[in-house]
Amino acid sequence: FVGVPDGVGFRVTGGTLALATVKPAAPADTRSWLALNGTLTGGSFVGVPGLGLTIVRLGVEINRGSNGALEIPALDWTDAFDLDGDGAFDDDVVAGTHTFAFTGDRLAASGVANVDLFGFVRGTIGFDFETATVDVSDPVAGVTLDNAKLTTLAITIAPAPLPGDPPSVPFFVGVGDVGFQIGGGTLAMAMLKAGTPGDARSWTSIKSSVITNVGLVGIDGFTLMAQQLQVEINQASGTPTVKALNWQTAIRYAETGAYGDDVTVGGVTIDATGQLLRVFVTATIQIDSFVHVSGNFAIEKGDDLFVTAGPGPTIRATALKIGASNVNVFAGFGHGTPDALGLQLSNVSLAVVLLKEAPTVARPVPTKSWFALKASGGAALVGIDNFALGGTLTVEVNSATDTAAPALTDAVVGFTQLPGGKLTVATGPSPAPSIDIAYSGRLLRVAGSAFITIDSFVHVSASFAFEKGDDISVTLEN
């Protein structure tokens, strides 16, 4: 037991610890080196009612060197010691049954634990924490670093138990029986700091595996289930303004050689290439057996874009993209049965782009914004004998506003002037399709088709379209 007797502390039920330290014999030499390897096969936090933490297994590895408050390179324990005096520095350092085999700096911990935070958060999680010293080179982001500090952390929900482990406890966040239950998945994080005193810049990237079966439970008449959920974030912070890192090409673990080493955390490869905030989800919603919604959805905020909006130089703009695909909506009774009665929207796809002028020294309070939309789908009234009504609809919009001059018509974004001649909007996790926005001018277009059939006697069908584009100048004659 570690803690206050009969109070708060950590009760250890099994494990091993191997520790080795080295110090020079000269009193004036303050250098020291430490190596540690520990495993814990059982333990629990006790003494705080409602707060539970039970270690299923835990491993810790440390290899460090220090000189007072300064960090120095760690030892290579495989070729640093001559213990038998034969002149060869190749002797093993053994503590108990453990042989130290560290070759460089090491700080890592991994394990599995059952948590219960006052009944609000409970379940089994796996974790994998590690630090490393890396070199960084990203010319686009303007970053060159030697001996930067890379910290990685992976958190796995409901990990598959190893032989000898107890079964994983389903992960739940909520109160009583009402809350979110998560089936499984891994959230991987990589955090990079310059490692130089006075340099406060940092870079962070987060990426999840496919997180499965995220559901809201415990509310009668309402079901929300995300069969798949994926999250990606890539950001930077510091002054002056710091750009996000290209993790595919920027990292080197060795002292020399090519850059571009993979950063893999908990089986997930960190591979973002620029500033990014992206969420993909495949979800189903059911409301009181009357409204049913299912489909793929995506929301993404990436690097700023340089857009062309009328004559003059390009304008830097922030961009938010929202997409959806294979969305089906039913409102009515008997969903999924031959007796279904109601309104059915089918195969709806959607791409929305929201652009806003970024602040600059010349325009610290920007006023311009732009909106683009492309949507399509089908609709039908189902379940009425001898009567059919339905159709398809496509909507396309490209517009602009300027709060400094709301009464004027502002120039829209020419998406065909972007690299590749378009802006691509994701609509959900793979293999969901993407939608391209390639408008070149102002646009409001609605087109579609409709049909009606009454008792096999009346049949009416038609196609329709209307469009409003850029203003044009005309010459009038008397």
Side-chain angles (χ1 to χ4, degrees), residues 110-113 115 121-130 152-162 165 167-174 179-191 204-217 223-235 244 247-248 262-286 292-302 320-328 347-351 424-435:
S110 62
V112 175
V115 298
V121 177
R122 56 186 185 266
T124 302
I125 62 169
F127 55 92
D128 194 336
F129 170 88
E130 185 173 345
T152 60
L153 174 64
I155 298 176
T156 301
I157 302 297
L162 296 178
D165 288 351
S168 290
V169 178
F171 200 81
F172 179 84
V173 179
F180 286 91
Q181 186 164 303
I182 304 174
T186 297
L187 187 67
M189 293 171 275
M191 294 149 281
T204 301
S205 189
I206 301 174
K207 183 179 180 181
S208 74
S209 67
V210 176
I211 301 174
T212 58
N213 298 328
V214 180
L216 178 63
V217 297
T223 300
L224 170 61
M225 174 61 71
Q227 290 84 8
Q228 296 185 50
L229 174 66
Q230 291 177 268
V231 179
E232 292 183 70
I233 300 172
N234 194 34
Q235 304 288 341
W247 292 84
Q248 294 186 14
D262 288 341
V263 178
T264 302
V265 185
V268 177
T269 299
I270 303 296
D271 56 4
T273 58
Q275 182 170 311
L276 181 64
L277 171 59
R278 176 191 292 155
V279 178
F280 290 156
V281 62
T282 298
T284 301
I285 301 173
Q286 179 176 314
H292 303 258
V293 181
S294 64
N296 304 310
F297 305 91
I299 182 168
E300 178 178 345
K301 185 179 186 302
L320 179 67
K321 299 187 287 185
I322 302 171
S325 62
N326 195 30
V327 176
N328 296 291
N347 197 28
V348 176
S349 63
L350 171 74
T424 299
V425 179
T427 65
S430 179
S434 58
I435 298 175

Closest non-hydrogen atom pair, F171 against I125:
CE1-CG2, 3.5 Å
Taking atom OG1 of T273 and atom CG of N234, what is their separation to the nearest 0.5 Å?
7.5 Å
Is any side-chain heavy atom of F297 closer than 4.5 Å to one of I322?
no
Is a side-chain donor-acceptor pair under 3.5 Å present for T156 with T186?
yes
So V279 and L229, do their side chains get closer than 4.5 Å, heavy atoms only?
yes
Main chain of D271, side chain of Q248: is a donor-acceptor contact present, judged purely on distance under 3.5 Å?
yes
Going by heavy atoms in the side chains, are E232 and E300 under 4.5 Å from each other?
no
Check for a donor-acceptor pair, side chain of S205 on one end and backbone N or O of I233 on the other, with a separation under 3.5 Å.
yes
Give the C-alpha distance, both sets of side-chain angles, the deciding distance and a yes or no for side-chain contact (heavy atoms from CB on, under 4.5 Å) between V265 and D128.
CA-CA 8 Å; V265 185; D128 194 336; over 6 Å; no
Grab the two heavy atoms, one from Q230 and one from S209, that are nearest each other, plus how far apart they are.
CG-O, 4.0 Å
Using modelled atom types and a 3.5 Å cut-off, is there a donor and acceptor pairing between side-chain atoms of Q235 and backbone atoms of L276?
yes
Evaluate the side-chain proximity of F280 to V210: yes if any heavy-atom separation is below 4.5 Å, no if none is.
no
CD/Q181 to CD1/I157 distance, rounded to the nearest 0.5 angstrom?
11.5 Å
Does K321 reach the main-chain N or O of T424 with its side chain, forming a donor-acceptor pair under 3.5 Å?
yes
Main-chain N/O of T282 paired with N296 side-chain donor or acceptor, under 3.5 Å
no
To the closest 0.5 Å, what do you measure between CD (Q228) and OG (S430)?
9.0 Å
Is P433 close to T427 at the side-chain level, that is, under 4.5 Å between some pair of heavy atoms?
yes
Nearest heavy-atom approach of A190 to V263 is CB-CG1, 4.3 Å
Rounded to the nearest 0.5 angstrom, the CZ-CG distance for F180 and N213 is 14.0 Å
Find out whether P159 and S168 are in side-chain contact, i.e. whether some heavy atom of one side chain is under 4.5 Å from a heavy atom of the other.
yes
Do any N or O atoms from the side chain of S349 and from the backbone of S325 form a donor-acceptor pair under 3.5 angstrom?
no
Using side-chain contact (heavy atoms from CB on, under 4.5 Å) as the criterion, point out the one residue from V281, L320, L277 that pairs with I299.
L320
Between the side chain of N328 and the main-chain N/O of N347, is any donor-acceptor distance below 3.5 Å?
yes
Which heavy atom of A298 sits nearest to which heavy atom of G428, and what is that distance?
CB-N, 3.5 Å
OG on S110 to CZ on F129, rounded to 0.5 Å:
11.5 Å
The reported gap from OG1 in T284 to CD in Q227 (rounded to nearest 0.5 angstrom) is 3.5 Å
Using every non-hydrogen atom in the two residues, find where V327 and A324 come nearest and quote the distance to one decimal.
CG2-CB, 3.8 Å
